[in-house]
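What follows is a set of notes on a single structure, which appears directly below.
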Amino acid sequence: MKKLCLLGLVATLASHPVWAETKPAALKDKDAFVSDLLKQMTLDEKIGQLRLISIGPEMPRELIRQEIAAGRIGGTFNSITRPENRPMQDAAMRSRLKIPMFFAYDVIHGHRTIFPISIALASSWDMDAIGRSGRIAAQEAAADSLDITFAPMVDISRDPRWGRTSEGFGEDTYLVSRIAEVMVKAFQGVSPANADSIMASVKHFALYGAVEGGRDYNVVDMSPVKMYQDYLPPYHAAIKAGSGGVMVALNSINGVPATANTWLMNDLLRRDWGFKGLTVSDHGAIFELIKHGVAKDGREAAKLAIKAGIDMSMNDSLYGKELPGLLKSGEIEQSDIDNAVREVLGAKYDMGLFKDPYLRIGKAEDDPADTYADSRLHRAEARDIARRSLVLLKNQNNTLPLKKSATIALVGPLAKAPIDMMGSWAAAGKPEQSVTLLDGLNAVIGEKGKIIYARGANITGDKAVVDYLNFLNFDAPEVVDDTRAPQVLIDEAVKAAKDADVIVAAVGESRGMSHESSSRTDLNIPQSQRDLIKALKATGKPLVLVLMNGRPLSILEENQQADAILETWFAGTEGGNAIADVLFGDYNPSGKLPITFPRSVGQIPTYYNHLTIGRPFTPGKPGNYTSQYFDDTTGPLFPFGYGLSYTTFTLSDMALSSTTLNKTGKLDASVTVANTGKVDGETVVQLYIQDVAGSMIRPIKELKNFQKVMLKAGEERTLHFTITEEDLKFYNTQLKFAAEPGEFNVQIGLDSQDVQQQTFELL
Ligand code: BGC
């Protein structure tokens, strides 16, 4: 017995990373290393590697450490500091094979420093800024011992009723795909094995943004062409950029839940796309296969998931419980388990953990004295990135920028809302570290002007909504009402307005209203705030709305009432300062909408690149028997790509280098953009293409390129875009990705509607 143990020890040491360090050759070849380790593992240890455990009230930490030491856990999530994670890695180093744990977290838009929410980052159309936000998030997360994030979230969202619209990068395939690449590269840096990088796991694979009616967790039923053309490319872009992981979606796809979908994970992801990384189920998703109605019990659920290619089961005991029996009965094969374990070990190898399990945990003596110290934040970058993400929607009579000597009535439930400023999925961000709008304005105004603050309204007057939003906040409720009567709040705000030169009203949603499980039937600003806006308008003072929200809202009436509107989404830790920079003109706004703003919820979907139809509505030529709603103006309130500046830009002299394009050739599309106003500024010049007649119907236009340019007042510049056959390809009815000869319209504009057009022919 003793001898056996000793033999075991030798085997243990032989696979132990510390041992491997002295013989680095063993670590050089990933496949050989993983295969060798796999051979030494018992079934129990293998299944242990497939379990991803949430750190929370469900399992005491002591028990978790015991399980880890017994080789029964592969990774955890939601434990986010070095002192918390070190004992767990120590436990792994006490396990027989000493396979390191990995530590995961939802680092979506920042870790300690919170950057603007994803839909806001996308509004910057600034790939450099977006990349910086991801890189800093990775550095901060890695410094806190995290190895992998469940991000980027690249679900195309065309239905703003879906609360997770806030978490994605908008409605457009091209823009979201570009950002997907940038984010993966930012998280993973030079290599996911570096100490200042974390592995990306793109989510939610796939099509989660297309849930029916915008109802979270619902079904997705979609034509293959639409899938391939519009919804799948962002995930593919993330994978081509090297995303080490993929999180599988909670929804079903054409009748089969993603978690049990062999076509999705085996055929598409691994075979067609060549993905060689880790797949993780979403939270509890394997168990939910029973609820979906495709598994009769937990045993069948586990079988479906492992067969479909789910490597790791998130917060789900079914793999641990059911896989041994399934294997014994022959319902699954050893290779099903081995393939999954191979990916987990491979991911840990790629994270650099076999070289050094403490790569990101470091030594205790190097732990930050105060994990939450302000000095650990990247405030300057957060402010810079946030102000690039703000979108000026209206600015009648140059109401903005404000004078720093003005008396400003600052009102609204979001003017002093540090939690909301961070947005949902705010990782390890601390509300006490976020700069509110009141803080931001005060910092600029100083002694020069004056701020009169009044709350004016609660987020909503609907108690049931408040209760819903507070339901899961265990520590403290997030939505806290001022208990005074609504009219008292309004009267106070109106008094402030009357005493001021201008009103700034911070209105919109609390962060929880745009979150997971936060679908809405109504995209209006809640009534309590609309009452406030109406009363403010009645004062006759210039009214600036600062919108905070995680999805497009229907603000038809507010657009009529307000003199200026700034869409700020949830702008992050430095939000208040960034918004103040724009309100006072210290930064000239340059954001553009990555998603269409509907006039009303009934118009949804309103995405700009819809397909051509036989009876299109023609603006200016209304008539019966065209596609429209007869009871409202047709078209969005603000189109995709729209956003104003404190200067004016004009486009002229659009030209194509040729009226024809060979399949192997290039075409140059050029345009001159001029800053015709009085201040320097940036704008986004957007290029759209329309395939005029194809073998099937095509979108009325599709974004294919853009450039964000900075121009000094009075400056002009000619921009060039290259068009190749690649830009003209699409998935036809046979799902063949090819371009078809014929006529194409090229449109260049400062938004998706206001464009100039030229035509060429693909030969
Ligand atoms: C969400 C995922 C998230 C996971 C872990 C789930 O509820 O759908 O996006 O990564 O929880 O927090």
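Ligands are counted one by one from 1 in listed order, and the atoms in each one are counted from 1 as well.
Between Asp106 and ligand 1, at least one pair of N/O atoms sits closer than 3.5 Å. Considering both main-chain and side-chain atoms, Arg164 comes within under 3.5 Å of ligand 1 through a nitrogen or oxygen pair. Inclusion of Glu516 in the set of residues having an N or O under 3.5 Å from an N or O of ligand 1 is warranted. Polar contact check, Asn78 against ligand 1: no nitrogen or oxygen pair lies under 3.5 Å apart. Note: an N/O pair closer than 3.5 Å links Lys203 and ligand 1 by distance alone.
For the pair Lys430 and Tyr372, the cation-pi criterion (under 6.0 Å, within 45° of the ring axis) is fulfilled.
In Met247, the part holding a heavy atom less than 4.0 Å from any atom of ligand 1 is the side chain.
Nearest protein neighbour of atom 4 (C) of ligand 1, counting heavy atoms only, is Asp282 OD1, 3.4 Å.
Comment: Glu343 engages Arg270 in a salt bridge, judged by a side-chain N to carboxylate O separation of less than 4.0 angstrom. Remark: Glu45 does not engage Arg72 in a salt bridge, criterion side-chain N to carboxylate O under 4.0 Å. Comment: Glu167 engages Arg164 in a salt bridge, judged by a side-chain N to carboxylate O separation of less than 4.0 angstrom.
Listed by chain and number, the residues in a side-chain contact (heavy atoms from CB on, under 4.5 Å) with Val601 are Arg161, Leu523, Ile604 (sequence neighbours excluded).
Among pairs with a residue in residues 141-152, those fulfilling side-chain hydrogen bond (donor to acceptor under 3.5 Å, both in side chains) read Asn85-Ser145, His111-Asp144, Arg112-Asp144, Asp144-Arg376, Asp147-Arg360, at least two apart in sequence or across chains.
Near Phe150, the atoms of ligand 1 lying under 4.0 angstrom from a non-hydrogen atom of the residue are 10 (O).
At least one heavy atom of His204 lies less than 4.0 angstrom from ligand 1.
Note that NZ of Lys240 is 15.0 Å distant from OH of Tyr235, once rounded to the nearest 0.5 Å.
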